[in-house]
Each structure stands twice: as structure tokens, then as C-alpha cells.
Amino acid sequence: MKLYNTLSRQKEEFKPIQEGVASIYSCGPTVYQYAHIGNMRSYVFMDILRRALKYNGYNLKHVMNITDVGHLVSDADEGEDKMVKTAKQTQKSPLEIAEYYTGVFMKDIAELNIEKPEYIPKATEHIDEMLQFVEELAEKGFAYETSDGIYFDIMKFEGYGKLSRLDLEGQIAGARVDVNEEKRHPADFALWKKAPKEHIMQWPSPWGMGYPGWHIECSAMSRKYLGDVFDIHTGGVDHIPVHHENEIAQSEALLGKPAVHYWLHGEFLLIDNGKMSKSLGNAYTIADIKKEGYSPLAFRYMCLNANYRSKLNFTWEGIKAAQVALDRLFEGVLAHRKAPEGIELEAGLLKRFEEDFKDAVNDDLNIPKALGVAWNAVKHGTKSQDIYGLLLKMDNVLGLDFANIAQKHEDEASELSPEIEELVNIRQQARKDKNWKLADEIRDKLNGMGIQLEDTPEGVKATRK
RNA sequence: GGCGCCAUAGCCAAGUGGUAAGGCAAGGGUCUGCAAAACCCUUAUUCCCCGGUUCGAAUCUGGGUGGCGCCUCCA
């Protein structure tokens, strides 16, 4: 299985540290706001990686953090930090808010059929581990104290910037707006911040009350759950230059060797070919997608149709196309599910589909191609249980929920109310009598009730829209 | 200013040296009382432009043009 490693900018054969086990750390959500579909694309990517590894026979040790410690400054009431405002308005504590948004997030990912990682640790429950990490770095001489915190000294760490291939000289020339005079290098970053009194969340430390720096949680929690060195770290491309660069610096400084073997990054989701942002009002959520009548799985399908390393452009037209395609795909899967037992297929057909599928998946998660193979299997002229079985296998990676949805499609037809059955029967009589006017009226009426009628050679078929 | 990514049909998109997957939309057809749904067929002599390498390039190379992202605790 080949994966593209941001560190080497190349596809590399995946070789786990421990035979048969893949250890993964994924940067998770910050739970002070609703996660938008751009965030969700990242988690779909994370999920595909999970599933692809399992498909290849690996057992997983997968961690996704919940960042429930923000830098919430209680007097920041300007536009950006709306959650603090909400905290004030609702009289809720940061933890209550975090709990609420964590709940929404979990529901969202469940609807996207994203498997839950084995460990989902919360930052606030690992302050001790973070402090210990910082103290160790301080002991080793990689940190220094200023009036407002403990900073990592990047000049002490050889290789700072290797992930993003930063040109440190160039960065310095690019003069930052607010320079912290106490910092030895502009790119030095906080490991621990001393808290002003009004700061909502703070913990005791050797340096007084404070709160963790922005990058330490991932280093500390990955270490706790996966050990010093683990296989794969995932996140969004925006994390490459700062967050992950700093994580590398911290962990590698502490260990004296790389903590992560493969860095994988998911590209951004664009909206109408541009950046998604709250100020533009286009930071849609899964709830928005549902409100417009599309299923979360349609969004998943949309994500699957593009490589995770390419930007994906979201448009309402696009999600509509995805929904139609997904519905038809389910229809196709259902046709195979309904096929009689024992249908003969041409020799080698299944094997060919399966190999093409696996090759695509194992080529750095080329899911668009794999999806194409699935379509070819679905569209195959001969419908058979064997193909249905193969499709279920493929769905272990795709995660489009073939088995359940196909079942649902079948159930829907059979669970109509007697009232509706009655109308359908009246219409059938009208049709026999060639009373087209009445028949069409009933059809329109049922349509208004959300029931769609199809007159097939085998009789009338009613489905809920 | 620094760093990086991308450019394939109306749209989404695969393809990374051997002659353009798949999906949506569109057009035609089968079915139907008419529909709807479903199914079948058709749709890029060509891959932003100009050079180069090669028997052969969407794929490699040089230049140009266009688009986008990051450098703000945003996936």
C-alpha cells in the first residue's frame, strides 16, 4: 500500500512499526463552534485511510483528539470569537459548550458513516501529560521562559521547517505584524502560556496558572496513546507550516528521533471556487446540507469522487449531482442483491474487479478510481449475488452503507399506511376503467404526501420520497 | 514579498511515456394511457498556450498565461 508522505513529497510503501498494526493520530475538531463541511472533508479522508488500512488487514490504533481548550479570552467580544459571546449569553461554561459541540460533531460524523477512532481523548483531560512534556523539553534546554509563557527555541532544533520546506530566512524578511520582543526567533512558539486573571480556562503549573500552548496537546496525547513513535499522522494541509512543523520540533527534540513516519494531509474544500469562510457566509454545515434536502452520504460521495490531495470545489449543483449518482448507485446495488442465487459469471470477472479496486485504493487512496471500478461492477449486465457480495466488500472502504441503504430501499415500499394503500387501490381501479383524470389526480395527491408512484410491468410501486 | 498547489468535455473527475476510467448534465431510444423511475445508446481525433526530448507525450522538459491556497490557534 502506497501513501503520499508530505515529509518526502513522495508516495511511499507503507511499512508499519509493528507487524500488522497501524497506529494513527488525526488532528481532531476544536469544539467551540459548529464544524463545517470543509472540516468534514478531512474526517472523511481520515475515515477512508482507516478503512483502507483495515481492508489491507491491519489492526488499528487510531487516536483523534478533541480540542476543548481554546484560547478563550473572556474580554474578547469582537466578531471573531462568537463562542465566548455565546458563553456569556447562555451563561454556559466552556466545558458545557465543548460538550455541546462535541455532541453535534459526533452526530455529524456518524451520519457521514465515519468510523469512530479507537481513542478520542480530550485536551482538558490531559493537561498533566502536556505539562510533563513541556517540563521535559525545558530540562533538555529546548525551552525558555518569557513574561507571558514558556517558548520553544527553534534554533536549538536542527531541521525546523523540514515538513513545509520553510525558508526561515525568507520568513524573517517577511516581517510579522506583531512581534513579540521577548521571543528569540519570530517562529518560536508557546509551549505553555501564563494566564491573565480573566482567562476562562487555566491550570496550575511550575510557572504559575496558565494554559497549554497551541501544539502541545497533539504531541502529548499521541505519546500517551500510541507511544513515542507511531506510523501515521493526519490533518489538513493548513496544518503543515505551523502546527505540524511545531509538533515535529517538540516531539523530535524530546525523543531525539522522528515521532511520526508518515505525514498525510487532506486538501481543502473550496466553495464556488473560493475560500470557505464564515464572513462570506459559506461555511456550510452538515445540517445545512440536510436542510437543502441532500443526505450526508451524498456529501460523502462527493468527497469520494475527488482525490484527498486535490482541492475539491463544493457547489450546490455538485451536491445535487452527487445525490443523484448515489441514489442510482444504491438502485444498482439493490438489483444485484435481488438477483437469484447461483447465477454464473464469466470467469475471472470478480477477481478483475476486486484487483482493480484494490490497486486503486492502495495507490495512495485513489478513491475516485476505485469508485469507478465499483460503478463498473454495479453496471455489469448480469446481476448476481456474487457481485453483491463484492460490492459489500468494496463498501468496507467506501463507507457508503450499501447494506443498510439497500435494505432501507426494500423496506420503504412495504411500510405504507392502509390509507395510502387504499388510494393506490382506487387509482388502480380508475386506471382499469381508463379514468385517467381520476388516476392522475390520485397520483398528484400522493405525490404531495411524499409518495412516489411507479407503474411497472409487475404492478404499481409506491416509494417514499 | 515568501512557500506551495493546480489547469483533462457544459460540470465533478481518473489517468504520471504507448494512443482519453467513472459520475452528473444533455440528446436519442425502450417501457408507459400519459408520466415518473429504471434501463440501453450517443456525446473530448483531444488534454490552457508556445517551443524541446522521444518511434511515440495529457503524461518528461523549458518558457508563457490563467486559477487557487497558505504565511492569522481555520481541516
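Below, each value reflects all heavy atoms present in this structure, side chains not excepted, and no hydrogens, waters or symmetry copies. Values in this document were obtained by computation on a predicted structure and should not be read as measured data.
Put simply, the side chain of A:Met106 reaches to within 4.5 Å of the side chain of A:Ile120, judged on heavy atoms. By the 4.5 Å heavy-atom criterion applied to side chains, A:Met130 and A:Pro212 are counted as neighbours. Looking at A:Gln429 and A:Ile426, their side chains never come closer than 4.5 Å, going by heavy atoms from C-beta outward.
A ring-centre distance under 6.0 Å is found for A:Tyr101 and A:Tyr34. Checked against a 6.0 Å centroid threshold, the rings of A:Tyr151 and A:Phe189 do not count as neighbours. For A:Trp316 and A:Tyr284, the ring centers are positioned less than 6.0 Å apart.
In this structure, A:Asp47 atom CG and B:A75 atom P are separated by 18 Å, rounded to whole Å. We find that CZ of A:Phe314 is positioned 19 Å from C1' of B:G69, with the value rounded to whole Å. Straight-line distance from the CG atom of A:Leu264 to the P atom of B:A75: 18 Å, rounded to whole Å. Taking atom CD1 of residue A:Ile240 and atom P of nucleotide B:C70, one finds them 12 Å apart after rounding to whole Å. At whole-Å resolution of the value, CD in A:Glu267 and P in B:G67 are 18 Å apart. Atom C1' of nucleotide B:A75 and atom CD1 of A:Ile114 are separated by 12 Å, given to the nearest angstrom. Atom NE2 in A:His239 sits about 13 Å away from atom C1' in B:U72, given to the nearest Å. In this entry the distance linking OH of A:Tyr25 with P of B:A75 reads 13 Å, nearest Å.
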Show the distances under 3.5 angstrom between N or O atoms of the protein and N or O atoms of nucleotides 12-16 of chain B.
| residue | atom | partner | partner atom | Å |
| --- | --- | --- | --- | --- |
| B:C12 | O2 | A:Asn305 | OD1 | 3.1 |
| B:A14 | OP1 | A:Asn307 | N | 3.4 |
| B:A14 | O3' | A:Asn366 | ND2 | 2.9 |
| B:G15 | OP1 | A:Asn366 | ND2 | 2.6 |

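Here A:Tyr301 lies in heavy-atom contact (under 4.0 Å) with sugar-phosphate atoms only. Across all strands shown, A:Gly318 has no heavy atoms under 4.0 Å from either base or sugar-phosphate atoms.
The C1' atoms of B:A57 and B:U19 are separated by 10 Å, rounded to the nearest whole Å. B:C71 and B:A25 have their P atoms separated by 38 Å, given to the nearest Å. On the P atoms, B:C12 is 28 Å away from B:G62, given to the nearest whole Å. Comparing the P positions of B:G52 and B:U59 gives an interatomic distance of 14 Å, to the nearest angstrom. The C1' atoms of B:G17 and B:C5 are separated by 24 Å, rounded to the nearest whole Å. To the nearest whole angstrom, the two C1' atoms, one in B:U30 and one in B:C24, are 22 Å apart. Nucleotides B:G1 and B:G64, compared at atom P, are 15 Å apart to the nearest Å. Atom name C1', nucleotides B:C40 and B:A13: the rounded distance is 24 Å, in whole Å.
Look at B:C60: its Watson-Crick or wobble partner, with both distances under 3.5 angstrom, is B:G52. Nucleotide B:G66 forms a pair with B:C6, judged by Watson-Crick or G-U wobble geometry with both contacts under 3.5 Å. Under the Watson-Crick or G-U wobble criterion, with both distances below 3.5 Å, B:G1 is paired with B:C71. Partner assigned to B:A44 is none, using Watson-Crick or G-U wobble distances below 3.5 angstrom. Searching all strands for a Watson-Crick or G-U wobble partner of B:U30 with both distances below 3.5 Å returns B:A38.
The A:Lys275 side chain lies nearest to B:C74 when the options are B:C34, B:C74, B:G23. Nearest to the side-chain atoms of A:Val324 among the listed nucleotides B:A25, B:G69, B:G23 stands B:A25. Residue A:Asn376 has its side chain nearest to B:A21 when only B:C74, B:A21, B:G33 are considered.
Taking 3.5 Å as the limit, the base of B:C6 and the side chain of A:Arg309 contain no donor-acceptor pair of atoms between them. At a cut-off of 3.5 angstrom, the base of B:G33 holds no donor-acceptor pair with the side chain of A:Asp433. Judged by distance alone, with hydrogens and angles left aside, A:Arg328 brings no side-chain donor or acceptor close enough to the base of B:A38 to form a pair under 3.5 Å.
The number of heavy atoms from other shown groups lying within 6.0 Å of CD (A:Glu99) does not exceed 12. Residue A:Lys393 places its NZ atom among 12 or fewer non-hydrogen atoms of other residues, nucleotides or ligands, all under 6.0 Å distant.
A cation-pi arrangement is present between A:Arg309 and A:Tyr4, with the terminal nitrogen or guanidinium carbon under 6.0 Å from the aromatic centre and inside a 45° cone about the axis.
Close to B:G23, at under 4.0 Å from its OP1 or OP2, lies a side-chain N or O of A:Lys379.
The side-chain ring of A:Trp436 is stacked on the base of B:G33, judged by centre separation under 5.5 angstrom and plane angle under 30 degrees.
In terms of position along RNA chain B, the nucleotide closest to A:Tyr4 lies nearer the 5' end than the nucleotide closest to the other residue of the pair A:Trp375 and A:Tyr4.
Residues satisfying the ring-ring contact (aromatic ring centres under 6.0 Å, His included) test with A:His244, not counting sequence neighbours, are A:His233, A:His239, A:Trp263, A:His265.
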